[in-house]
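Shown next, in structure tokens, is the structure this report addresses.
Just so you know, these numbers use all the heavy atoms, side chains as well, and skip hydrogens, waters and symmetry mates. When a residue number appears, it is its place in the shown sequence, counting from 1. Please read these numbers as outputs of a predicted model, since none were measured by experiment.
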Amino acid sequence: QVQLVESGGGLVQAGDSLRLSCGASGGTFSHYAMGWFRRAPGKEREFVAAISRNGISTNYVDFVKGRFTISRDGAKNTVYLQMNSLKPEDTAVYYCAARGGLLVSLTARNYDYWGQGTQVTVSS
């Protein structure tokens, strides 16, 4: 059983940056591809970014490309989401998720473990 704990959310202004962290425990971190999803008020959960278990392959949804960067640190069992040039429409609860296996996935149902989420609010 893998436990995931997100941190780093907060209230920022448009154009600011935040770095989200997701610490993993209870499993072998290198066995899991990791993803970030978000859910904005009144909207469905949506994919944001994913990284393969070896950190070589990454995927991003179009609206964050060039602004967000996903990375992982195996020594710290942590995955990060660096978010730059934040916009009010990035306001959401951000969740990290872990998926057993080699391949990344853009689909939430393919992930096995989820964190509780961290709130990101971007004011205009």
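- No side-chain donor-acceptor contact under 3.5 Å links T107 to the backbone of R109.
- With contacts defined as side-chain heavy-atom distances shorter than 4.5 Å, the pair N59/L106 qualifies.
- Placement of Y95 and V122 within a single hydrophobic cluster is found when ILVMFWY residues are connected by side-chain heavy-atom separations under 4.5 Å, directly or transitively.
- Counting heavy atoms of neighbouring residues, nucleotides and ligands inside a 6.0 Å radius, atom CD of Q116 does not exceed 12 of them.
- Side-chain contact between W114 and L4 is absent, with no heavy atoms from C-beta onward closer than 4.5 Å.
- Side-chain contact between T69 and L81 is absent, with no heavy-atom pair separated by less than 4.5 Å.
- Proximity of a side-chain donor or acceptor of Q3 to a complementary backbone N or O of A24 within less than 3.5 Å is not detected.
- The shortest side-chain heavy-atom distance between R72 and M34 falls under the 4.5 Å cut-off.
- Partner V48 forms a side-chain contact (heavy atoms from CB on, under 4.5 Å) with one of V64, L20, I70, D90 and no other, that one being V64.
- L18 is not connected to Y80 by any chain of hydrophobic side-chain contacts under 4.5 Å among Ile, Leu, Val, Met, Phe, Trp and Tyr, and they are in different clusters.
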Quick one, Y60 with F47, criterion ring-ring contact (aromatic ring centres under 6.0 Å, His included). Give me CA distance, side-chain angles, the key distance, then yes/no. CA-CA 8 Å; Y60 299 91; F47 169 79; 8.2 Å; no

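- Using a 4.5 Å heavy-atom threshold, the side chains of R53 and S30 count as separate.
- L86 and F37 fall within a single hydrophobic cluster, where Ile, Leu, Val, Met, Phe, Trp and Tyr are joined by side-chain heavy atoms under 4.5 Å apart, directly or via other members.
- With contacts defined as side-chain heavy-atom distances shorter than 4.5 Å, the pair V93/T118 does not qualify.
- Using a 3.5 Å distance cut-off with no hydrogens or angles, the side chains of R38 and Y94 do pair a donor with an acceptor.
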Apply side-chain contact (heavy atoms from CB on, under 4.5 Å) to residues L103 and R99 and explain how you reach the verdict. CA-CA 8 Å; L103 301 177; R99 177 175 188 269; 4.0 Å; yes

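- The backbone N or O of T121 sits nowhere less than 3.5 Å from a side-chain atom of T91 that would complete a donor-acceptor pair.
- Looking at Q82 and S17, their side chains come closer than 4.5 Å, going by heavy atoms from C-beta outward.
- When atom types are taken as modelled, the side chain of E6 and the backbone of C22 share no donor-acceptor pair closer than 3.5 angstrom.
- Considering only heavy atoms from C-beta on, W36 comes within 4.5 Å of V79 through its side chain.
- Ring geometry for Y32 against Y113 counts as perpendicular: the plane angle is over 60°, on a 0 to 90° scale with 30° as the lower cut.
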